Amino acid sequence: MSILSVSEFNRLVAGSLERSFPSMQIRGEIAQMTRASSGHWYFTLRDAQASVRAVMFKGRTGQLDWQPKEGDQVEVRAVVGLYEPRGDFQIRVESMTRSGQGALYEAFLARRAKLERAGLMDASRKRSLPERIDCVGLVTSLGAAALRDVVATLTQQAPRIRIKLYPSLVQGQDAPAMLMEQLQRADGDPECDVLLLVRGGGSLEDLWAFNDEALAHAIVGCKHTVVAGVGHESDVSIADLVADIRAATPTAAAQLVAAKDLALRQQLGAFAASFQQLLSRRWQRAQQRLDLLAQSLRSPRETLKLQVLRWRALLARLNSARARRCHMAESTLSRLEAQLNALDPTAILQRGYAMVLDAHGAVVTDAAAARTDEALEVHLAKGHLEVRVHAVFPKPSTG
C-alpha cells in the first residue's frame with residue numbers, strides 16, 4: 001500500500017464524503033455566525049445534542065431575501081464535505097429557509113411531483129411564442145413593480161405591441177382564484193396573442209398563490225402561449241414549471257416578447273431590402289434593354305423616345321408603389337403606437353383620472369356598488385389614497 005501525504009488523504013476523504021452522501025435537508029439553530037468580506041457565511045448549525053460547522057458561499061447567500069442571525073431556527077439543504085487544508089468536517093449550505101417553511105417546501109415538492117406525474121410539465125406539450133405578436137395579455141397586480149417593469153420594457157424595446165392588463169391579487173388566500181379568473185379572461189380575448197403571468201420576488205410563502213394546483217391546470221388549459229415570470233431568478237413556482245415558457249423575472253418575460261417582435265421587424269426589413277434589390281435589378285435590365293433597342297433601332301427616333309417614356313413610366317409606378325407601401329407601414333406603426341399609449345394605464349392616471357378599488361381589489365365603476373362608510377382605495381398617477389364613502393349618489397336609470 002502506497003503512503004499518502006496528508007493533502008492526498010484529505011482529498012480522498014472529501015471525495016468519498018461527497019459521493020456517499022446526497023444533498024439533504026437539515027434543521028437546526030444558527031450559532032457563531034460570521035460574515036466574511038468575501039461574501040461567504042460561516043456558522044455552526046446545532047441542536048440540543050450536537051453541532052456541525054457550515055459554510056454558505058456568496059453565490060448562495062445572495063439568493064436569500066432575508067438576513068439570518070444567531071439564534072435563528074432554520075432549515076437548510078446542504079451537501080457533506082471536508083475542508084481539506086484543515087481536515088475539518090463541514091456542510092456546504094445550498095439554500096436556507098426559516099424553520100417552519102420547510103413544511104411548505106415539502107408541500108411544494110409533493111405537488112410538483114404529482115403534477116409532473118400527470119404530465120403537466122412535459123416539454124412535448126409546451127408551445128413556443130407565436131411568430132407575430134400584436135397584443136399581450138398581462139396578468140399581474142395593479143400596484144406591483146412587475147407591472148411597471150413589463151410596461152417599461154415593452155414600451156422601450158417593442159413599442160408596436162399593445163398591452164391589455166388583467167389585474168389580480170398575487171398574494172393571499174384569494175389570489176389563486178382571482179389569478180385563474182383573470183388568466184381565463186385574457187385567454188378568451190381574441191385580441192391577445194400571448195399571455196404573461198408575472199409577479200415580483202418574495203419568500204416561498206409570498207409566492208404560494210403561484211403553487212396552486214387549480215391555477216396550474218388553468219395555465220395548461222390555455223389556448224394561448226403562457227409565459228410565466230414569477231419572482232427572482234432563483235425562485236421557482238409550479239406556475240413557472242407548467243407554463244409554456246418560464247422567464248427568470250417579469251422583465252425577462254417582457255424581453256422574450258420584445259425579442260420575438262424584433263425578429264419579426266428584422267424579417268420585414270430583410271423583405272424590404274430584397275424588394276429594393278428586385279426593383280434595382282429590374283431597372284438595370286430595363287436600361288440594358290433600352291440600350292440594345294437604341295443600338296438596333298437607330299430610326300425612327302420617335303419610336304425610341306416612346307419606349308424611353310414607357311420605361312420611365314414603369315419606374316415611376318414602381319417608385320410610387322414603394323413609397324405608398326412605406327407610407328402605409330409608417331401609418332400602421334404610428335397608429336399602433338397611439339393605441340398603446342392610449343391603453344397605458346399609467347398615462348391615463350397622468351391625465352388626472354383615478355382608479356378606485358374596493359377592499360377586495362376590484363375596480364369600482366358604479367356608484368351604486370359602493371356603500372356609505374365603505375373603505376375604498378384611490379390610485380392616482382403618484383401614490384394612492386385610502387378614503388371612506390361619505391354619501392352615495394348612483395346614476396339614475398335611463399330606462
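Just the heavy atoms: all of them, side chains too, but no hydrogens, waters or symmetry mates, feed the values below. For this chain, numbers begin at 1 and follow the sequence in order. From a predicted model like this one, the values you see are computed outputs, not experimental measurements.
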Residues at least two apart in sequence or cross-chain that pass side chain to side chain donor-acceptor pair (under 3.5 Å) with R317, listed by chain then number, are none
Tightest non-hydrogen contact, residues K164 and C192, listed as CD-SG, 4.4 Å
When you measure from the side chain of D72 to the backbone of V74, do you find a donor-acceptor pair of N or O atoms at a distance under 3.5 Å?
no
Which residues pass the ring pair (Phe, Tyr, Trp, His ring centres under 6.0 Å) test with H217, sequence neighbours left out?
none
Pairs touching residues 50-59 that satisfy salt bridge (Lys or Arg N to Asp or Glu O under 4.0 Å), sequence neighbours left out
R53-D88
Please evaluate residues V392 and R371 with respect to the criterion side-chain contact (heavy atoms from CB on, under 4.5 Å), reporting the C-alpha separation (whole Å), side-chain torsions for both, the decisive distance (0.1 Å), and the verdict.
CA-CA 7 Å; V392 177; R371 302 185 307 276; 5.8 Å; no
Ignoring hydrogens and geometry, is there a side-chain-to-backbone donor-acceptor pair from D122 to S124 under 3.5 Å?
no
More than 12 heavy atoms of other residues, nucleotides or ligands under 6.0 Å from NZ of K223: yes or no?
yes
In terms of side-chain heavy atoms, does R185 have a donor or acceptor partner in Q182 at a distance below 3.5 Å?
yes
Donor-acceptor contacts, no H, no angles, side chain residues 383-390, under 3.5 Å, sequence neighbours left out:
from, atom 1, to, atom 2, distance (Å)
R388, NH1, D373, O, 2.8

Closest approach of M121 and K126, non-hydrogen atoms and distance?
O-CE, 3.8 Å
State, without any angle test, whether N10 and S7 hold a side-chain donor-acceptor pair at a distance under 3.5 Å.
no
Could you tell me whether the side chain of R111 and the main chain of N211 form a donor-acceptor pair under 3.5 Å?
yes
Give a yes or no answer on whether the side chain of R127 reaches the backbone of H224 with a donor-acceptor pair at less than 3.5 Å.
yes
Answer with yes or no whether the side chains of R335 and S331 bring together a donor and an acceptor at under 3.5 Å.
no
Counting only heavy atoms not in Y42, do more than 12 fall under 6.0 Å of its OH?
yes
For F57, which residues count as a ring pair (Phe, Tyr, Trp, His ring centres under 6.0 Å) partner, sequence neighbours excluded?
H40
Could you tell me whether a side-chain N or O of S51 sits under 3.5 Å from a main-chain N or O of R46, the two making a donor and an acceptor?
no
Would you indicate whether the side-chain heavy atoms of E205 and Q171 approach each other to under 4.5 Å?
no
Check whether D240 reaches the backbone of S237 with its side chain - one donor and one acceptor, N or O, closer than 3.5 Å.
yes
Summary of side chain to side chain donor-acceptor pair (under 3.5 Å) pairs that have at least one residue in residues 135-155, sequence neighbours excluded:
none
Does the side-chain contact (heavy atoms from CB on, under 4.5 Å) test come out yes or no for R199 and L207, once each step is laid out?
CA-CA 8 Å; R199 185 210 192 278; L207 302 178; 3.5 Å; yes
For R160 and L336 the tightest heavy-atom approach is CG-CD1, 3.4 Å
Would you mind reporting whether D193 and R132 have side-chain heavy atoms less than 4.5 Å apart?
no
Taking atom CG of L64 and atom CH2 of W41, what is their separation to the nearest 0.5 Å?
5.0 Å
Measure from the side-chain N and O atoms of S16 to the backbone N and O of L12, and report whether any donor-acceptor pair falls under 3.5 Å.
no
Can you tell me how far CZ of R162 sits from CG of D134, rounded to the nearest 0.5 angstrom?
7.5 Å
Using a 6.0 Å cut-off, check whether atom CZ of F89 has over 12 heavy atoms from anything other than its own residue.
yes
Minimum heavy-atom distance V136-I133, with the two atoms named
CG2-CG2, 4.0 Å
